[in-house]
Amino acid sequence: MKHLALLLLSLVVTQSAFAADAPPKPNVVIIFIDDLGYADIGPFGATKQRTPHLDRMAREGMKLTSFYAAPVCSVSRAQLLTGCYGARISVPGVYFPGQANGLNPAEFTIAERLKERGYATMCIGKWHVGDQPEFLPTRQGFDHYFGIPYSNDMQKKSTQTGERVVPLLRDDKVAELLTDEQQSRIVERYTEEAVGFIRASKDKPFLLYFPHTAVHTPIWPGEKFRGKSANGRFGDWVEEVDWSVGRVLETLRELKLAERTLVVFTSDNGPWLVKGADGGSALPLRGGKGSTWEGGVRVPTVAWWPGKIAPGSVCDTVAGTIDLLPTAVALAGGSVPARPVIDGRDITPLLFGKTKESQREAHYYFAGYNLQAVRQGPWKLAIAPQPRSMGQSTDPDASGVGPRLYNLDQEIGEQTSLAAKHPEVVVKLQSLAAKMTAEIGGKEPAARRPAGVVEKPKTLYPTEEAAPQAKPAKPAAKTDAKTPAKAASLDTLKPGDALDAAHAPQIGGQPFSITCTVETQQRDAILLAHGGLVAGYALHLKAGRVAFLVRTGAGVEFSEVTSPAEFPGSATITAALAADGSMTLKVGDQPAVTGQAGKLLARQPQEDFCLGHDNGMPVAAYTGKDSFKGKIAALKIAVP
């Protein structure tokens, strides 16, 4: 039905395009960087890496200083493409290669809405809202696609080359398999494609969606940029991204398209702080990627349109990536239908300096399906525990469920809660949060639309993980599941080590038990973790007690049991998830405690298995800030 509607609208647009007095529709270019922090470019305070083209873009355009994305990659991209919070369209976390879920093709993307208005459309770069054919860009409104379809660290070993690689797609076909080192030309190659598309489309309106692979780890700046910045290879890659921006803007100037092209430069989330020198900076904001602190979701944004956007202007009004779809549609002379509902609003009044009022009632900060905070004007109310960043713990002042109220105009760093001084603001924002949670959050939302799902998903290229381990002596029973690689031994692991998903304990869809002996004097620490936002489990120390958590879905779909007494400093810990979903935890001589997860993990966690830390999107809201100090021995994870 969606495609029939698009065809009919395209016919109407084609006929109306011949109207002699029809004003030309503006082009739209969206440059979307990966893991770029608030303070990582010159217009927002960076000094160790030079960004002269972005500096000029800001001088000639507008800085948007309260512009929001989402905590992690896939959610952020889905929000930009659809104008909806990820929770509304069932995109709660990060997609992995060969996963059955993706952005539902029934959703209308910005590309589809602009194609209705006669636009040429192209996506160049990181797609990351599903890698099955049904979810790829050419099925979601884009005429063409060129890029790595997910994060550049999601390498799998190719059965063809024997190397760990990521695929480079041309439209819906794998054109090449890239090793890490071959990623060093990816910014250059993307930029060549972008310039070529602009030149080929100069005589008709176009949408260029340009989501860079940079500056996500692994960091691979091009040869011409290596060693050039004062901020290591991270700064080098930022400088190459700046060069790419300059090439796009210069091409628009050369073709005399600048005065009829809106260019928006922004990022998908905050910096990945646990990556250290490779992770960027969000200062003066608190937190980073994976969190709903400002540093996790408020992103450096510049809008440029000579003759339309006032040069050197600054907008501190709340806006975000969910507003780009309705804005682009409005600029193209259309309007977004009332159904299906979207969350974004047209922000042309902000861009053109007509108002300083937000076009939305409030902004909502989701982590998966869990609404953690809401902002209206200067006020931000946090209503749930907030980890500092992906792979980092929750600070003591943010670990409780009591409301925390911040005035972001007075204190952008979110250090001082004013909840006790402004109870009326707390009540008002709590009401907004409750309404939005009932609509699209939590376990039983009234208006959440389904995710895209395919049967028998597979990776885009043959991988060692998906290959049969040996030729069977007789026909084997059919199964939809991929044959996993053999799980690695846990005996040699030490705190700080990790196993990739293929070699981690294979517990998806099965009951399992964990046994280990732990020695530590810490009261808050991660013992082991395997999983992320959607599925996983963890053992951790929480205010001196051992906690066993099982996550069976996004947001609030987790269960946790805690030992009845504090950890004695040395003890054997046994935890188990039974076939009926019941949980058991026993610490040394303490009585066993039980709980109910309700079900088994529906799938094998796609993240690393980590001992003494959690290097991905945290399975649990950990209270420990420091790395694990002590011993973990005799570790066994068993399935029946």
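Computed from a predicted structure; not experimentally measured.
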Q.
Has Asp40 got a side-chain atom pairing as donor or acceptor with Ser281's backbone, closer than 3.5 angstrom?
A. yes
Q) Which heavy-atom pair separates Ala282 from Gly287 by the least distance, and what is that distance? A) CB-O, 3.8 Å
Q) Hey, is Lys380 close enough to Glu414 for a salt bridge, meaning N to O under 4.0 Å? A) yes
(Q) Between Glu254 and Arg199, does any side-chain N to carboxylate O distance fall below 4.0 Å? (A) yes
Q) Between Glu188 (side chain) and Arg185 (backbone), is there a donor-acceptor pair under 3.5 Å? A) no
Q. Any donor-acceptor pair under 3.5 Å linking the side chain of Thr121 with the backbone of Leu207?
A. no
Q) Just checking, any donor-acceptor pair under 3.5 angstrom between side chains of Glu411 and Thr416? A) yes
Q: Would you name the heavy atoms of Pro205 and Pro26 that are closest together and state the gap between them?
A: CB-O, 4.4 Å
Q: For side chain to side chain contact (heavy atoms under 4.5 Å, CB included), just list the numbers for Glu240 and Asp236, CA-CA rounded to whole Å, side-chain angles, deciding distance to a tenth of an Å, and then say yes or no.
A: CA-CA 6 Å; Glu240 187 173 16; Asp236 297 346; over 6 Å; no
Q: For the residue pair Tyr68 and Ile322, establish whether any side-chain heavy-atom pair is separated by less than 4.5 Å.
A: no
Q: Would you mind reporting whether Ile110 and Tyr209 have side-chain heavy atoms less than 4.5 Å apart?
A: no
(Q) Between Arg226 and Glu223 (salt bridge meaning N to carboxylate O under 4.0 Å), is one present in this structure? (A) no
Q) Quick check: does any side chain N or O of Ser66 sit under 3.5 Å from a backbone N or O of Thr317, one acting as donor and the other as acceptor? A) no
Q | Rounded distance [0.5 Å steps], OH in Tyr95 versus CD in Gln606 | A | 13.0 Å
Q.
Can you give me the closest heavy-atom contact between Ser267 and Ala69, atom names plus distance?
A. O-CB, 3.5 Å
Q | Closest non-hydrogen atom pair, Tyr622 against Ala529 | A | OH-CB, 3.4 Å
Q. Counting N and O atoms only, with roles assigned by atom type, does the side chain of Asn407 sit under 3.5 Å from a partner on the main chain of Asp409, one being a donor and the other an acceptor?
A. yes
Q: Mind running side chain to side chain contact (heavy atoms under 4.5 Å, CB included) on Val75 and Tyr85 for me, showing each step along the way?
A: CA-CA 8 Å; Val75 188; Tyr85 290 111; over 6 Å; no
(Q) Distance check, rounded to the nearest 0.5 Å: Lys308 atom NZ versus Leu331 atom CG? (A) 8.5 Å
**Q.** Heavy atoms of other groups near Glu250 CD, more than 12 under 6.0 Å
**A.** yes
(Q) Quick check for you: to the nearest 0.5 Å, what is the distance between Phe628 atom CZ and Leu528 atom CG? (A) 10.0 Å
Q. For the side chain of Trp127 and the backbone of Gly147, is there at least one donor-acceptor N/O pair under 3.5 Å apart?
A. no
Q. Arg404 side chain to Ala384 main-chain N or O, any donor-acceptor pair under 3.5 Å?
A. yes
Q: Taking atom types as modelled, find out whether Ser229 and Asn231 have a side-chain donor-acceptor pair closer than 3.5 angstrom.
A: no
Q: Could you grab the distance from atom CG of Asp316 to atom OG1 of Thr65, nearest 0.5 Å is fine?
A: 3.5 Å
(Q) Restricting to non-hydrogen atoms, name the atom on Ala194 and the atom on Val248 that form the minimum distance, rounded to 0.1 Å. (A) CB-CG2, 4.4 Å
Q) Could you go step by step and tell me if Asp35 and Lys275 meet the salt bridge (Lys or Arg N to Asp or Glu O under 4.0 Å) rule? A) CA-CA 11 Å; Asp35 289 2; Lys275 296 297 182 178; over 6 Å; no
Q: Please say whether more than 12 non-hydrogen atoms of neighbouring residues, nucleotides or ligands are located less than 6.0 Å from CD in Glu181.
A: no
**Q.** Note, Trp272 side chain near Asp278 side chain (heavy atom, < 4.5 Å)
**A.** no
Q: Check for a donor-acceptor pair, side chain of Tyr38 on one end and backbone N or O of Gly45 on the other, with a separation under 3.5 Å.
A: no
Q) Where is the tightest heavy-atom contact between Leu177 and Ser158, given as atom of each residue plus distance? A) CD1-OG, 3.6 Å
(Q) For a 4.5 angstrom cut-off between non-hydrogen side-chain atoms, does Pro43 reach Thr51? (A) yes
Q. Would you call Asp397-Arg286 a salt bridge at under 4.0 Å N-O?
A. yes
Q | Test side chain to side chain contact (heavy atoms under 4.5 Å, CB included) applied to Phe67 and Val299, step by step | A | CA-CA 6 Å; Phe67 197 86; Val299 288; 4.1 Å; yes
Q.
Classify the ring geometry of His363 against Tyr365: parallel below 30°, tilted from 30° to 60°, perpendicular beyond 60°.
A. perpendicular
Q: Under the side-chain hydrogen bond (donor to acceptor under 3.5 Å, both in side chains) rule, what do Thr213 and Tyr190 come out as? Steps first, then yes or no, please.
A: CA-CA 9 Å; Thr213 291; Tyr190 285 172; 2.8 Å; yes
Q. Can you tell me if Tyr145 and Glu193 form a side-chain donor-acceptor pair at under 3.5 Å?
A. no
**Q.** Minimum side-chain heavy-atom gap Arg298-Ile412 below 4.5 Å
**A.** yes
Q: Quick one: pull up CG in Leu325 and OG1 in Thr109 and give me the separation to the nearest 0.5 Å.
A: 7.5 Å
Q.
Is there a side chain to side chain contact (heavy atoms under 4.5 Å, CB included) between His216 and Asp153? Walk through the geometry before answering.
A. CA-CA 8 Å; His216 193 286; Asp153 65 344; 3.3 Å; yes
**Q.** Short side-chain to backbone donor-acceptor contact, Asp34 and His212, under 3.5 Å
**A.** no
Q.
Is there a side-chain contact between Val619 and His530 in this structure, where contact means two heavy atoms from C-beta onward sitting under 4.5 Å apart?
A. no
Q. Is it true that a side-chain atom of Arg56 and a backbone atom of Gly246 form a donor plus acceptor pair closer than 3.5 Å?
A. no
**Q.** Cys123, Pro97, Pro167 screened by side chain to side chain contact (heavy atoms under 4.5 Å, CB included) with Pro149, the one that passes
**A.** Pro167
Q. Given side chains that start at C-beta, do those of Cys315 and Lys356 come closer than 4.5 Å, heavy atoms only?
A. no
Q | Heavy-atom check, side chain of Ser627 versus side chain of His613, under 4.5 Å | A | no
Q: Identify which one of Val264, Thr261, Leu257, Val245 satisfies the side chain to side chain contact (heavy atoms under 4.5 Å, CB included) criterion when paired with Val29.
A: Thr261
Q) Atom CG of Leu54 and atom CZ of Arg59: how far apart are they, to the nearest 0.5 Å? A) 11.0 Å
**Q.** Salt-bridge present (Asp323, Arg360; N to O < 4.0 Å)
**A.** yes
Q. More than 12 foreign heavy atoms under 6.0 Å from NZ of Lys224: is that the case here?
A. no
